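The structure under discussion appears below in the form of structure tokens.
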Amino acid sequence: MAPSADRLVIENVAIATVDAEDTEYACGHIVVAGNAIESLGAGKAPTGLENVVRRVDGTGHLATPGLINTHHHFYQWITRGLATDHNLFDWLTALYPTWARIDEPMTYAAARGSLAMLARGGVTTAMDHHYVFPRGAGDLSGSIIRAASELGVRFTLARGSMDRGEKDGGLPPDFAVECLEDALAATEETVGKHHDRSFGAMTQVAVAPCSPFSVSTELMRQGAELARRLGVRLHTHGSETVEEEQFCHELFGMGPTDYFESTGWLGEDVWMAHCVHMNDSDIAAFARTGTGVAHCPSSNARLAAGIARVPDMLRAGVPVGLGVDGTASNESGELHTELRNALLINRLGPHREAALNTRQALRLGTYGGAQVLGREREIGSLEPGKLADLVLWKTDGIGHASMADPVAALVLGAPAPVTLSLVNGSPVVEHGRLLHADEDAIARSTRDEAQRLARIAAGG
């Protein structure tokens, strides 16, 4: 970092670095220079620092890496609260006809709503798996990326696609899917236009056919080839429900993991959402190939999908991060609540109280997310040289003050208020409020677009 860089100094703060040793400081300091962490440690910051433009007293706060969301569908923000008593396949069948009528103003408003909730809850890196592209709907990918840029959040767009409609045995209505050639061409165009390969990139793009039951085998295979030719990551849904497993056996003659491997979809450049129904062989294949998992505990519960074997994945060496999933199956749209839900839901499984602890839950939401997005050298832990994506959580208020362990307070307590959130060294949230957007205006626009979509879907 250049000596002339402006510095921000945080002192008197508890720190959970989430580094390889899980280093923590009961009372320490963090020095941010430009967009990176320059130093951190116990006690006060070094004296004689130049160009200090701001000092923050972190008394009563816990500093952690910014949270990293690894699976989401932003457009669903304007279809929340529908089909509330459905399993996955019935839920999709109920909602696809509405989703197939979205347009650019809707995706832009929904992305702003989704990102606002994420950022207010300590997310500094977000991703969106967008796979619904109605003909003539406008620049949907561009609108989502624009929303992330305006709110100041680091972002990965997983450019999704579907080409298996109802006539081909898929779940989406035929008018909601693209053809193979159009999907591949549009994906390549999106990568070329928006993907930034540099260290510290604010926008990246992944290749992301939607799921085995909405995508042809050829799109899966050619999508993997495209991603590797372009040097970007791959993302899709996998092993979410027992119905999906049955679908794969009936259509392909094998389970989801074997199907993914047969189409080139296992590897260190791949991460899958959900992965609820994984046997020992599946987990071993993910560990052997370095394939990552986006664990979405609230959505899995909302759709009655089951409990993912996260403790077994972690013990096998599978990279695991956390995801909100779309807000039509996790209406809160917040990732910090997933820290708690991941711990609690996994303790309902066979490992019981030994399933996850509070530090493991925090790691899932930070470093684990960085791993599955392929950005662990840049973000996910608080270490000198890494990007200054960090959050100060207020832990001395009524919801947390009686807990001596600040990490336990953050994970198990009520959602902790965010006093300060930095992305790339710049504040995006202060005292629980967005700095780069009007929350009331976002709320109004999402309500208006949700009502407009409902009218269109109803034929009005």
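Every value quoted in this text rests on a predicted model; they were computed, and no experiment measured them. Excluded from the calculations below are hydrogen atoms, water molecules and symmetry mates; all remaining heavy atoms, backbone and side chain alike, are included.
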| request: Check side chain to side chain contact (heavy atoms under 4.5 Å, CB included) between Pro350 and all other residues, then give those that pass, not counting sequence neighbours. | output: none
| message | Suppose the criterion is ring-ring contact (aromatic ring centres under 6.0 Å, His included): which pairs have a residue in residues 274-296, not counting sequence neighbours? | response | His71-His274, His237-His274
| query | Asn279: what forms a side chain to side chain contact (heavy atoms under 4.5 Å, CB included) with it, not counting sequence neighbours? | reply | Ser281, Asp282
| said: Ala437: which residues meet the side chain to side chain contact (heavy atoms under 4.5 Å, CB included) condition with it, sequence neighbours left out? | reply: Arg112, Leu151, Leu434, Ile442
| field | Minimum heavy-atom distance Pro97-Thr93, with the two atoms named | value | CD-O, 3.3 Å
| field | Pairs meeting criterion salt bridge (charged side-chain N to carboxylate O under 4.0 Å, His left out) with involvement of residues 233-244, two or more places apart | value | none
| request: Step by step, work out the side-chain contact (heavy atoms from CB on, under 4.5 Å) result for His73 and Ser329. | output: CA-CA 10 Å; His73 308 294; Ser329 65; over 6 Å; no
| task | Write out all pairs satisfying salt bridge (charged side-chain N to carboxylate O under 4.0 Å, His left out) with one or both partners inside residues 76-103, taking only residues at least two apart or from two chains. | result | Asp103-Arg452
| message | Considering only residues two or more places apart or on different chains, which pairs with a residue in residues 204-223 satisfy ring-ring contact (aromatic ring centres under 6.0 Å, His included)? | response | Phe89-Phe213
| said: Quick test of your reading: applying salt bridge (charged side-chain N to carboxylate O under 4.0 Å, His left out), list the pairs with at least one residue in residues 289-302, sequence neighbours left out, ordered by first then second residue. | reply: Arg302-Glu331
| Any pair counted as salt bridge (charged side-chain N to carboxylate O under 4.0 Å, His left out), so long as it reaches residues 151-171, sequence neighbours left out | Arg154-Asp389, Arg159-Glu178
| query | Can you name the residues that form a side chain to side chain contact (heavy atoms under 4.5 Å, CB included) with Val324, not counting sequence neighbours? | reply | Asn69, His72, Leu118, Asn330, Leu335
| remark: The ring-ring contact (aromatic ring centres under 6.0 Å, His included) partners of Trp99 (sequence neighbours excluded) come to Tyr75, Trp91, Tyr96
| message | Using the salt bridge (Lys or Arg N to Asp or Glu O under 4.0 Å) criterion, which residues pair with Arg433? Sequence neighbours excluded. | response | Glu439
| remark: Only one of Gln371, Glu376, Arg375 passes side chain to side chain contact (heavy atoms under 4.5 Å, CB included) with Leu373, and that residue is Arg375
